[in-house]
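Lettering follows sequence order; numbering is per chain, from 1.
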Amino acid sequence: MIRIQARTEPSALMKFVSPLLAIVLTLIFGGILFSAIGKSPVQALQVLLIAPLADSYNIGEMFVKMGPLLLCAVGLSLCYRANMWNIGAEGQLLAGALGGSAMALYFVESESIFALPITLLAGVVSGMVWAAIPTFLKLRFNSNLILTTIMFNYIALYLLIWAVHGPLRDPQGYGFPESAMFSDATLLPTIFESSRTHIGILFALLAGVVGWFILTKTHLGFQIRVFGADEPAARYAGFHGKKLSWFVMLFAGALAGLAGIGETAGPIGQLVPNVSPGYGYSAIIVAYLGRLHPIGAIIAAAFMAVLYMGGDLAQIEMGIPVAVVSMFQGVLLFFLLACDFFINNRLSFTNQATN
Amino acid sequence: MDSDLIIQILFAAIKTGTPLLFIALGELICEKSGVLNLGQEGMMLMGAVVGFLAAYSTGNAGLGVIAAIIMGSIMSLIFAFLVLHVGANQVATGLALTIFGTGLSAFVGSSVVGQTIEGFKPIALPLLSDIPFIGRILFQHDILVYSSFMMAFILMFVVNKTRIGLTLKAVGENPHAANAIGIKVLRVRYLAVMFGGVMAGLSGAYMSLVYTPMWVENMTAGRGWIALALVVFASWRVGRIMLGAYLFGLASIMHLVLQGLGWSISPNLLAMLPYVATVVVMVIISADKFKEKLLAPRSLGKPFDPRQMA
């Protein structure tokens, strides 16, 4: 007979096995789904997961998608560790794209070597501002961070749409809601020949390492971890919750803002209404899949980028709606949450035949 | 402004507030039992798309509503199982439900984007609709709006005056004490979460069968989230939810009002209004920390494990 038993201590092994198990279960679910809609499951999974890594162009595109996912996820990992439920990476990303683009367009005639750093900085600061407002409202007025950050996602989106229809619209753009193309001086340099991969992915990897360093090697990171695990204990130890909250939120906002300007100054090259295919929301799943650990986030972001890339390919090659990606993301998080049950519990097989 | 315009504006505010009313009532009951379901947006989108698909393929809007209700409750059961049985984090599970519902609804609805159907027609209630002013605002709607009125009044009675309401509140305030006097806490929570799913489905059906009536990806545009704020705004009281829903409805149609007044502001800026209003309201309501603690169900968001003692 199988019984569920509480573990005396959380299983460290299960913490790592659980995400892998969740991915496998999601793939099985995907296979069943594709069969159900009359597509070959083997071909569909091959297009979703293998094809994105099959040639150098696709791998380059995978890095293009991995950058923003990772930047957002590293920030969110720290936020969630500190019990700050920041769902606003999407809005912070859009704010970064908007603020950074406004700066880039100011430099449209320029060839100054400072144009790019200032553009990036504007994006980072915009993202931080967008994170700072809900943080302030939470710490000063006790308002629910989840809801305010979500509302700020929508507000950022409409602000961006307004900007590309109004002040930032390209005067020579035949009325399309798009900004002018950025000048070369404000574009991120690419890394490889014949690929759109730009140095944003290096920023993202660096962010992962910095996040890891802060979390595991500094006193600040120690405080964040204690605060997340046991808030009363942290307060008893004299840690300043407000300071920590400010730090993780501004850190996350800065990274998401960088992700946003990295998109417009990177692969897109101008400000458009659909800057992000929901990177800020997917980053929540990346953060969980990476166990709220910056290094884990690097691996999880790579996986998620493959899935994004595969979704595009599945749309082109098999006519599968691209929404399948966000559905898979939801299923993946469900399975992950379910598998995490076994971190604190285990199945025990008892032989009751003697009774 | 002449009275005709005011009547039209208030009529539209009720229409726009109705999906918010449905979904916020569902979430209210769910939260009263101590469960915070952030998956409202996902359940609502699934209700909208399944309701539309059913109505589109059968040509019967009533069947669409039933399908949406069933879909909403299935979605809520996934959430309930993970949160109540597996003990998963309510915030993360709710987010997963929203992401899943957003993706799945876009996936299954991709074939009918842009199709239209014949939704519910308005029915002018005899006698009542002849009341000057109020009659034209309240009693010339479709059947779903009337059922939302009824639902609000029934819930007001059930929550405040009946044993069911008392049980619900006991579970939300102190599940261990409720358990001790023999209330099946998990069963009550399951039912409350499912009720939330039913109402979210209904709310989605209203969007795709009456309000637009068609299916577009992400057509709920954050109403599921605004509903969560509405519950806080209403201090967990049914009557105030009704008031709040119509106020938010009014905020969402502000661009029409201002156009009527001859103002010209970018529609994209005005589209922010409901979201900005939500933030402002949240700040005002929550600023009094003590008051909110007093009003919110005490066990909100906390898991209950019957094997453990308080």
So which part of [X] gets closer than 4.5 Å to some heavy atom of chain A, the side chain, the backbone, both or neither?
| X | value |
| --- | --- |
| B:Leu82 | side chain |
| B:Leu273 | neither |
| B:Ile78 | side chain |
| B:Thr93 | both |

message: Taking every non-hydrogen pair under 4.5 Å, which of B:Ala88, B:Ala229, B:Ala92, B:Ala106 racks up the most with chain A?
response: B:Ala92
- line: Most contact-rich option vs chain A, by heavy-atom pairs under 4.5 angstrom, among B:Thr102, B:Thr98, B:Val108, B:Leu97, is B:Leu97
Counting only non-hydrogen atoms closer than 4.5 Å, does [X] touch chain B with its backbone (N, CA, C, O), its side chain (CB onward), both, or neither?
| X | result |
| --- | --- |
| A:Leu147 | side chain |
| A:Ile320 | side chain |
| A:Phe152 | side chain |
| A:Tyr288 | side chain |
| A:Leu33 | side chain |

Taking atom [atom1] of [X] and atom [atom2] of [Y], what is their separation to the nearest 0.5 Å?
| X | Y | atom1 | atom2 | answer |
| --- | --- | --- | --- | --- |
| A:Ile284 | B:Leu95 | CD1 | CG | 5.0 Å |
| B:Trp225 | A:Tyr154 | CH2 | OH | 8.0 Å |
| A:Ile87 | B:Leu38 | CD1 | CG | 7.5 Å |
| B:Ile99 | A:Leu333 | CD1 | CG | 6.0 Å |
| A:Leu337 | B:Gln90 | CG | CD | 12.0 Å |

statement: Which of A:Ile155, A:Ile161, A:Leu157 passes side chain to side chain contact (heavy atoms under 4.5 Å, CB included) with B:Met272? Answer is A:Ile155
- line: Per-residue tally against chain B (heavy atom, under 4.5 Å) across A:Tyr281, A:Trp85, A:Tyr80 peaks at A:Trp85
Crowded around [X] [atom1]? As in, over 12 foreign heavy atoms under 6.0 Å?
| X | atom1 | result |
| --- | --- | --- |
| B:Tyr56 | OH | no |
| A:Lys15 | NZ | no |
| A:Arg140 | CZ | no |

- prompt: What are the two closest heavy atoms between A:Ile37 and B:Phe107, and how far apart are they?
  reply: CD1-CZ, 3.7 Å
- prompt: Which heavy-atom pair separates B:Ser110 from A:Pro321 by the least distance, and what is that distance?
  reply: OG-CG, 3.3 Å
message: Taking salt bridge (Lys or Arg N to Asp or Glu O under 4.0 Å) as the definition, give me every residue that meets it alongside A:Arg291, ordered by chain and number, with sequence neighbours left out.
response: A:Asp340
field: side-chain contact (heavy atoms from CB on, under 4.5 Å) between B:Leu269 and A:Leu159, intermediate numbers included
entry: CA-CA 7 Å; B:Leu269 285 182; A:Leu159 209 56; 4.2 Å; yes
query: Is any side-chain heavy atom of A:Asn144 closer than 4.5 Å to a side-chain heavy atom of B:Val232?
result: no
- request: Give the C-alpha distance, both sets of side-chain angles, the deciding distance and a yes or no for side-chain contact (heavy atoms from CB on, under 4.5 Å) between A:Met151 and B:Ile226.
  value: CA-CA 8 Å; A:Met151 292 303 133; B:Ile226 292 178; 3.8 Å; yes
- prompt: Are any side-chain N or O atoms of A:Ser143 and backbone N or O atoms of B:Val283, one a donor and one an acceptor, separated by less than 3.5 Å?
  reply: no
task: Quick one: sort the B:Phe100 and A:Phe334 rings into parallel, tilted or perpendicular, breaks at 30° and 60°.
output: perpendicular
